[in-house]
Structure formats: C-alpha cells, structure tokens
Amino acid sequence: MAKKDKDFVKEVTSREEDYSQWYLDVILKTEMVDYAPVKGCMVIRPYGFTLWENMQALLDKKIKDTGHKNAYFPLFIPESLLQKEADHVEGFAPEVAWVTHGGNEKLAERLVVRPTSETIICSMYAKWIQSWRDLPVLINQWCNVVRWEKTTRPFLRTSEFLWQEGHTAHRTEEEAQEETLKMLEVYREFVEEDLAIPVITGLKTDKEKFAGALRTYTIEALMGDGRALQSGTSHNLGQHFAKVFDITFLDQDDQLKYVWQASWGVSTRLIGAIIMVHGDNRGLKIPPKVAPVQVVVVPIMPKKTREVVLEKAEALLVTLGEKFRMDIDDRDYSPGWKFNEWEMKGVPLRLEIGPKDIEKGQVVLVRRDTGEKFFVKEEDLDSTIEKLLAEIQDNMFQMALEFRTQNTTQCEDYEDFQKIIADRRGFVRANWCGHEQCEEKIKEDTKATIRCIPLKEDKMQGSCLCCGGEAKETVYFARAY
RNA sequence: CGGGGCGUAGCGCAGUUUGGUAGCGCACUUGGUUUGGGACCAAGGGGUCGGGGGUUCGAAUCCCUUCGCCCCGACCA
C-alpha cells in the first residue's frame, strides 16, 4: 500500500519518512494555506477558508441554539485593562503584540492587540450588568487574536489565528459551572460528529489551566503521529475577573454580588486536527459534513463525445448541486491527473462520468476513505450520494477512534511509561498523586504532559506513576503540540 | 532566545570548493495529437542569484554586514 501511495502522489512526502514535512507539503500543495510575509502568519486560501466557513456555520448554529448571541469587541485593549487580573497578565504578557504609536505620535497609553478578550469584555460587562434580571449574559464573538509565539506552525500555532470566544456571566457558581460543561459538550459533539475526530473530555491540571481561570476543561485529540492536540477549551473563571473588573449585580435578596463567569473557545487549530487525524500519504481526507467540495465531478471527455459528456455532467451538477456541495473539473488535464489532485485535496466522493456511462445510464462513484468504486444508476444517484457521504463521515470517525484506541495504553511502571512515550507515543493512562512536582518531573524526563483528568472515567488501581505515592487521579499523558 | 539548515525563474534544485556570457526538471504560454489512475510532439516566455557594502579587469561564486524562512530545542491558555 505504501508503495502504491507513492506512485500516486509524488507531491507529498510520506508520513513515515517525515511527518512534519508531510503536514507542510499537504497544506501547501492542496492550497489550504500559504506562508505570509510576516513570520508566523499564514494566508488561509479559499480552499482552506471554505472549510473554516463550513465549520463556523455548524458550530455557530450550536452556539446560538444554546442561547448565545454574537457580538464584536475591539481588537485593541488598553494596557491598564490587561494588567488588572494578575495571573492573566502574567500568562499573556510574554506573547502580546503592542501598539505604541498612532501615526507618528506616541500613544499616551499603550494598546495590546488582543490575545483573548476577557479583559475588554469584562470591562463592558461591568457597565451592562446591574441586576439579577440582567443575567445571564451569553455572548460569543468570532474574531482574530494575536499571540507572539516563538515557534509557529500553520494552523497549530500561528501568531495570528481565527477563533470564536464565548464569554458569559451568571448569577450563581452552579450556573457558571453548568455553562462551562455545557459548552465543553457542545465542542465534543461538534468535533466528534462534524469533524469525525474522537476526543477525550477532561479537566486541565492547575499547571496547564488558563491564566486567570478557576478550572479549565479541554477536549484532547490524538494526531496521526501520536501527539496530542488540545482542540478546544472551556473555562470556569469563577469570580476572578468579576472582582477585578467590578462586575456586580443586586440579587433578589438585596445583596450586591459578583457575577460568576465562563469563557470558551475553539480556533483554526481544529483545521490542523482534521489534517493530522484523517490525512494519509495521498493527502487530505476531509469529513463530508465540512468538506468544501463533497462531490467532485470528473468528466471523461474523448474529443468525439466531449460535448455530450460535458453537457450531461453539467446537468448533474445542476440537479445534485442543490443538495450537495459539488464542483466540476473540466480543465484540460488527463483524468488520472485530476483523480490524484482531488484525492490530495481530500474530497470525499469522486463522480466519474464518461461516454460508456452515458450509454448505460450510470456514473462511477469512488470513495476517498476506502477507495471503493460504485457503478450507480442515474435515478439512484441522489440517494446513493447521500448514503455514501453519511457512511464516509461515520467510517472516518471509526477509523480515527480505532487509531486512538490502538495508541492508548495503560501504564503503572515509570520505566515502561518512558519507553512508550519515546517509542510509540499516543495517549498513556496512568495514575498521578496530584502534586505538581511529579507533573514537572515527568515532563522533564519525557516531554509528556498531563493532557487532562478525564471526566466520566473509572480510576485505575495502583499508585502514582512517578513518586509511588497515593494516587489521586487517573490521567492521560501525551506529548502535545 | 540557543543549535542546525536554507535563500539562484511560480515550485524543486544544480552551479559556489577552483571568480570568466545563469542552467536543469516540473509548472506556465501557443499550436497540434490525446483523455476511464499524474499523456505526447513542437515552438516559446520568464532571473535586480534575499538586501547592502567591499575585494577584483570581472562576483551567484571570495570577504564583511544585514534581512528572512524552515527544522530541533527552551518558552508558551
């Protein structure tokens, strides 16, 4: 199979040879992104951006269905606002971009380009919230943020990226906690059902949590090279921000109280996850629900029948195009060239139609995920495509789940653990005493970090992997992006 | 910020050791033949050799300087 793959797609470095290069080859050659003139910045090209738009549309609906409304807050945040929450500043200060001048004039107060919007949004919430009747406030925004990272990689960590950030304010601690978990569940559902990526939901350790949060919850996915990717986070902010931004309300009991807050976000990093979870040596494999093109029509056009075939293909596009995202490739390249091109671009289904098919009243459908070929009567086309797209979506999730299962191990012995992390990687379930010293030591020894303390999972028997002390939690370790 | 690598046509590279008219493959353009797994023939177009300075009769090549990108670390909700 590996050899066959190579014969088909010579554009792409194989994953076994150099995973990092494979990733870069794929995203550049499929025209998802290109490097921009500014270090760490990327251009998201139409093919990549359409994918993002499809993702946005599905997630945006879920966000609205859970009662949130979209708004937009400014890109610039006054330095004084960022300074207010001590942990928050400390966490973000090293990676913020500063605006110091307007034109040629030095600003009286420096502005930060938002690395996240808690502070500016909280400053507004303080104005807007007076009474328990004003709560909850449930706002989301889609925007760009900037974090001056030292090491960057397209989609996974860029200086500027696109995301959504939800910011909510609640009357009680319970409500804020409920919101935090509700949105984590929204993310899990979105990523698993729409992006076909299985995730582990869990709690971050104190060391790994968001700067300024009480608790951070995460969805963690396993990439094709065995490294984990934090794919979305939901934070219970407690009253940390409310207290420093003075977000208070008069409750029913006539007491002035601080609100309880949550914030949650996913970013274009998810595109990186799609690429690395589903991709193979032929290139991308995009889940049907978000694929920019779900069905690509490749007409086989010998000269004598060119017009007839093209006409037929275009007719199909008109009828089926109402229901499915489709594209027709009538460029003057050989059919084989086009097959490879669209496979590299990860289109779930290819529809071939040529003179022979027209005679028989059929078309040929080929699945990207399995390579299976189907000869389908024209009258069955609509229902067959619908069925196949659903099957592909499901199969992609199952394949990814199987990969994760095969690359998740349980471990009680530290030496075994080190070996696994060094050789096979993947997720390792192990016991932890809950102390940061052990967490640190494991990271120093192996570069693996605690990805999360899983929700809804039984604890293992045994003691702490590292110190042998009493185990407080069973956690997932992995090397992460 | 440390270590390594690379900047020559859109992309991938050779040429640099030993200075002497800037090349190859792919891509691109035109015409023709082709089209069910990356077709073929022919004719074309395209370069401040990352930037600046120096040495020299002469610099892609030697020297100095500078900028950028990639990879691996360190750092990083």
Side-chain angles (χ1 to χ4, degrees), chain A residues 4-13 18-21 23-25 28-29 31 34-42 85 87-96 115-118 145 147-154 156-159 161 163 165 204-218 230-235 237 263-267 269 282-283 298-306 309-310 329-344 350-358 360 362-364 366 371 373 375 443-444 447 449 480-481:
Chain A
K4 210 176 169 193
D5 282 343
K6 235 176 210 159
D7 291 344
F8 275 111
V9 182
K10 51 196 169 202
E11 310 282 335
V12 178
T13 307
D18 185 343
Y19 195 84
S20 176
Q21 192 58 50
Y23 178 79
L24 293 169
D25 282 352
L28 291 169
K29 292 188 168 137
E31 298 181 351
D34 202 356
Y35 287 111
V38 181
K39 178 177 159 53
C41 292
M42 60 177 175
E85 216 286 336
D87 290 340
H88 192 67
V89 199
E90 200 188 317
F92 282 103
E95 48 182 280
V96 294
T116 178
S117 302
E118 271 76 9
V145 288
R147 298 181 189 179
W148 219 257
E149 302 282 359
K150 287 178 179 147
T151 304
T152 56
R153 204 195 292 257
L156 302 177
R157 176 168 284 115
T158 45
S159 301
F161 57 92
W163 75 344
E165 47 178 331
K204 283 286 181 189
T205 62
D206 283 346
K207 184 175 179 295
E208 301 272 335
K209 76 181 182 189
F210 177 72
L214 193 62
R215 283 187 284 277
T216 290
Y217 295 88
T218 178
Q230 177 177 304
S231 305
T233 46
S234 186
H235 316 291
L237 300 177
S263 72
W264 28 272
V266 298
S267 70
R269 180 181 254 198
R282 292 191 190 186
V298 178
I300 312 295
M301 314 179 281
K303 199 161 197 181
K304 303 146 259 178
T305 51
R306 190 190 151 85
V309 173
L310 207 52
D329 189 351
D330 58 0
R331 294 176 298 173
D332 187 25
Y333 291 112
S334 72
W337 191 92
K338 292 178 188 174
F339 296 166
N340 283 295
E341 169 97 349
W342 290 107
E343 275 169 14
M344 187 170 76
R350 176 172 79 237
L351 191 161
E352 297 170 29
I353 182 162
K356 285 183 249 167
D357 301 312
I358 291 177
K360 295 180 195 163
Q362 67 172 31
V363 305
V364 179
V366 182
K373 207 174 230 191
F375 298 89
K443 189 180 177 186
E444 265 170 43
K447 292 174 192 153
T449 48
Y481 272 98

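So you know, we letter chains A, B, ... as the sequences are listed, proteins then strands, and number each from 1. Any value given below was found using the heavy atoms of this structure, including those in side chains, with hydrogens, waters and symmetry copies removed.
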* Quantified in whole Å, what is the P atom distance between nucleotide B:G51 and nucleotide B:G10? -> 13 Å
Under-4.0 Å side-chain N/O to phosphate OP1/OP2 contact, A:Arg153 with B:C72 = yes
Answer with yes or no whether A:Thr151 presents, from its side chain, a donor or acceptor under 3.5 Å of a partner atom in the base of B:A74.
-> yes
Contacts of A:Phe339 and A:Tyr481 projected onto RNA chain B by closest heavy atom; the upstream (5') one is A:Phe339
Quiz item: So what does A:Arg306 hit on the nucleic acid, given a heavy-atom distance under 4.0 Å: a base, only sugar-phosphate, or nothing?
Solution: nothing
| message | Roughly how many Å apart are B:G7 and B:C75, using the P atom of each and rounding to a whole number? | response | 31 Å
Checklist entry - When you check the phosphate oxygens OP1 and OP2 of B:C28, does a side-chain N or O of A:Tyr333 lie under 4.0 Å from one of them? => result yes
Report task. Indicate, with a heavy-atom threshold strictly under 4.0 Å, whether A:Val364 touches base, sugar-phosphate, or nothing. Result -> base
Residues A:His88 and A:Phe210: closest non-hydrogen pair is CE1-CZ, 3.6 Å
Out of B:A77, B:C71, B:C75, minimum distance to the side chain of A:Lys150 belongs to B:C75
- Ignoring hydrogens and angles, does a donor from either the side chain of A:Arg350 or the base of B:G37 sit under 3.5 Å from an acceptor on the other? yes
Partner of A:Ile353 under side-chain contact (heavy atoms from CB on, under 4.5 Å), picked from A:Ile358, A:Val364, A:Ile300, is A:Ile358
Nearest heavy-atom contact between A:Gly40 and A:Thr152 is CA-OG1, 3.4 Å
Rounding to the closest angstrom, what is the interatomic distance between B:C1 and B:U66 at atom P? 13 Å
Here the distance between atom C1' of B:G12 and atom CG of A:Leu28, to the nearest Å, is 13 Å
In whole angstroms, the gap separating P of B:G38 from CG of A:Asp329 amounts to 15 Å
Nearest heavy-atom contact between A:Tyr481 and A:Arg157 is C-NH1, 4.0 Å
When rounded to whole Å, the CE to P distance for the pair A:Met301 and B:A39 reads 14 Å
Regarding the side chain of A:Trp337, the nearest nucleotide among B:A77, B:G36, B:G38 is B:G38
**Prompt:** Taking the C1' atom of each, how far is B:A59 from B:G20, in whole Å?
**Reply:** 10 Å
Among the nucleotides B:G36, B:U35, B:C71, whichever has the atom closest to the side chain of A:Asp357 is B:G36
Using a 4.0 Å heavy-atom cut-off, does A:Pro355 contact any base of the nucleic acid, only the sugar-phosphate backbone, or nothing at all? base
Taking B:G73, B:A77, B:C76 as options, the one with an atom nearest any side-chain atom of A:Phe92 is B:A77
Answer for the Watson-Crick or wobble partner of B:U16, both distances under 3.5 Å, is none
Taking A:Lys338 for the side chain and A:Asp329 for the main chain, is one N or O donor matched with an acceptor at less than 3.5 Å?
yes
Taking a pair to mean Watson-Crick or G-U wobble geometry with both distances below 3.5 Å, B:G10 pairs with B:C26
Q.
By the 4.0 Å heavy-atom rule, please label A:Trp342 as base, sugar-phosphate, or nothing.
A. nothing
Looking only at heavy atoms, the pair that brings A:Glu165 and A:Thr116 closest together is OE1-OG1, 3.5 Å
When rounded to whole Å, the NZ to P distance for the pair A:Lys303 and B:G31 reads 12 Å
Margin query: Under a plain distance cut-off of 3.5 Å, with no hydrogens placed, do A:Ser263 and A:Glu118 share a side-chain donor-acceptor pair?
Written below: yes
Please report the distance separating the P of B:G25 from the corresponding atom of B:C6, rounded so that it comes out in whole Å. 25 Å
Mate of B:G73 across any strand shown (Watson-Crick or G-U wobble, both atom pairs under 3.5 Å) is B:C1
Same-atom distance (P) from B:G44 to B:U34, integer angstrom
24 Å
Between CG of A:Asp332 and P of B:U29 the distance, given in whole Å, is 10 Å
Just by modelled atom types, is the A:Gly354 backbone N or O under 3.5 Å from a matching donor or acceptor in the A:Asp357 side chain? yes
message = So, under a plain 3.5 Å distance rule, would you say the side chain of A:Arg157 forms a donor-acceptor pair with the base of B:C76?
response = yes
### Query
At under 4.0 Å between heavy atoms, what does A:Glu95 touch on the DNA or RNA strands: base, sugar-phosphate, or nothing?
sugar-phosphate
Is the phosphate of B:A39 approached by A:Ser334 (side-chain N or O, under 4.0 Å from OP1 or OP2)? yes
Note to self: Once hydrogens and angles are ignored, does a donor-acceptor distance under 3.5 Å link the base of B:A77 to the side chain of A:Gln230?
What the structure shows: yes
Using the C1' atom on both, measure B:G47 against B:U21 and round to a whole Å.
14 Å
| message | Applying a 4.0 Å non-hydrogen cut-off, can you work out what A:Tyr35 is touching in the nucleic acid: base, sugar-phosphate, or nothing? | response | sugar-phosphate
Using Watson-Crick geometry (N1-N3 plus N6-O4 or O6-N4) or G-U wobble (N1-O2, O6-N3), each under 3.5 Å, B:A39 is paired with B:U33
Out of B:C72, B:U35, B:G38, minimum distance to the side chain of A:Glu341 belongs to B:G38
Tell me whether the side-chain N/O atoms of A:Lys338 come closer than 4.0 Å to OP1 or OP2 in B:G38. no
Closest of B:G37, B:C71, B:C1 to the A:Glu343 side chain is B:G37
Result for 5'-nearest mapping on RNA chain B, choosing between A:Pro299 and A:Lys204, is A:Pro299
Whole-Å distance, A:Gln21 CD to B:G5 P, equals 17 Å
Separation of B:G12 atom P from A:Asp18 atom CG, nearest Å, is 15 Å
**Prompt:** Say you pick atom P in B:U61 and the same atom in B:G15; how far apart are they, in whole Å?
**Reply:** 15 Å
Out of B:A39, B:G36, B:U33, minimum distance to the side chain of A:Glu352 belongs to B:G36
Testing B:U33, B:C71, B:A77 for proximity to the side chain of A:Phe161, the answer is B:A77
When you measure from the side chain of A:Arg147 to the backbone N and O of A:Pro115, does any donor-acceptor pair fall under 3.5 Å?
-> yes
Separation of B:A27 atom C1' from A:Glu31 atom CD, nearest Å, is 12 Å
